[in-house]
Every structure is written in structure tokens, then in C-alpha cells.
Amino acid sequence: MGSETRQKTVTTTIRLTPDERAAVAAAADAQGLGPSSFARVATLRAAGRTPPAIRKRRDAVAGVIGPVLGELGRIGSNINQIARVANSTKNATAIVAAGCLRADLEKLTTAVLALKGSSG
């Protein structure tokens, strides 16, 4: 059957004044949708149809959190490699340092995840 995007093959164009376009964009943004998705949902509802579920647009904070969490994961892997070498060489200073790095990374990850929770 294909994805919903591939099923949409017909376009409809509407003409709006700049003020109308701004109003549509603001209303769409308030619902976490792009203007086209917002207009599609509103049009289908006005026609008595139930629109399919539409994935909401990620806000600016959510848009950067994913890559940041990915980088934190890579940093965590590096810290684990450092800890493995420190443990195998019995280097007490390096073992303590790796533990501190892990704790700091955990605090940073928790803070980033808290941003995610407060953004949406």
C-alpha cells in the first residue's frame, strides 16, 4: 500500500492574503504542524472527513536534543574504553578519573533529557 506520503498524489493550491497566510502559519505552529498539514486537516474536517493521524513537527529544542544525545552516547563509549584500559593496567588515578567522567556524563545526559521533557 505504501506510505501515506506516497498515497498523496494530488495537490490543491489556495490563494491567501499575507495576513491570512500568517494566521494559518500561526495556527499551524500552535498545533505543532506545518501550514500544509494544518490546512489539510482543517479542510478534511470541514468536509466531514476524519483526517489520518499526522506526526507533529518537532520544536527547536527537540530538534537538537537527538543529535546531542547521540554525541553523549559516543562520549560514553569513549569513557568506557578509557575505564577498560585503566582497569586492565590497575592505574588508580585513571580509574578514579574515568568514574568522575562517567558521573559527569550521567548528570549532563539527565539535564539534556530534562530539556526534552520541558520542550513539549
Side-chain angles (χ1 to χ4, degrees):
M1 183 158 204
S3 72
E4 182 182 331
T5 302
R6 290 189 196 124
Q7 293 174 23
K8 295 181 223 165
T9 58
V10 178
T11 60
T12 299
T13 303
I14 60 171
R15 294 187 188 277
L16 302 171
T17 66
D19 287 343
E20 290 170 336
R21 174 62 166 89
V24 169
D29 195 47
Q31 292 190 21
L33 299 172
S36 294
S37 293
F38 176 80
R40 180 170 178 252
V41 167
T43 302
L44 288 171
R45 283 187 180 141
R49 302 266 317 264
T50 302
I54 294 179
R55 218 172 41 163
K56 293 196 175 191
R57 195 167 46 178
R58 297 188 314 174
D59 66 9
V61 173
V64 298
I65 286 177
V68 169
L69 288 174
E71 282 301 316
L72 291 173
R74 285 184 277 285
I75 292 168
S77 293
N78 291 339
I79 291 171
N80 286 338
Q81 291 173 3
I82 292 168
R84 192 174 310 119
V85 170
N87 285 326
S88 68
T89 61
K90 308 289 188 226
N91 183 329
T93 303
I95 292 170
V96 170
C100 290
L101 287 172
R102 275 191 191 140
D104 288 346
L105 181 63
E106 187 173 325
K107 288 177 192 172
L108 185 56
T109 301
T110 300
V112 170
L113 288 172
L115 287 174
K116 179 179 179 183
S118 69
S119 73

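Computed over heavy atoms, backbone and side chain alike; hydrogens, waters and symmetry mates excluded.
- Rounded to the nearest 0.5 angstrom, Arg40 CZ and Arg49 CZ are separated by 9.0 Å.
- Tracing side-chain contacts under 4.5 Å through hydrophobic residues (I, L, V, M, F, W, Y), one reaches Leu113 starting from Leu72; they form part of the same cluster.
- There is a path of hydrophobic side-chain contacts, each under 4.5 Å, that joins Val41 to Val24.
- Minimum interatomic distance between Ala98 and Ile79 (heavy atoms only, all atoms of both residues): O-CG2, 3.8 Å.
- Shortest non-hydrogen contact noted between Leu115 and Ile65 is C-CD1, 3.8 Å.
- At a threshold of 4.5 Å between non-hydrogen side-chain atoms, the residues Arg21 and Pro35 count as touching.
- Separation of atoms CG (Leu101) and CG (Leu108) is listed at 12.0 Å; rounding is to 0.5 Å.
- At least one donor-acceptor pair closer than 3.5 Å links the side chain of Thr89 to the backbone N or O of Ala86.
- In terms of heavy-atom proximity, Gly76 sits nearest to Leu105 at CA-CD2, 3.3 Å.
- Atom CZ of Arg74 and atom CG of Leu69 lie 10.5 Å apart (nearest 0.5 Å).
- In this structure, OG1 on Thr43 lies 6.5 Å from CD1 on Ile14, to the nearest 0.5 angstrom.
- With Thr110 contributing its side chain and Glu106 its backbone, the two residues share a donor-acceptor pair below 3.5 Å.
- Rounding to the nearest 0.5 Å gives a distance of 8.5 Å between OG of Ser88 and CD1 of Ile95.
- The two residues Phe38 and Leu33 make their nearest non-hydrogen contact at CA-CD1, 4.0 Å.
- Between Glu71 and Val68 there is no side-chain heavy-atom pair separated by less than 4.5 Å.
- Nearest heavy atoms, Arg15 versus Glu20: O-OE1, 4.4 Å.
- Taking CG of Asn87 as the reference point, atom CG of Asn80 lies at 10.5 Å (rounded to 0.5 Å).
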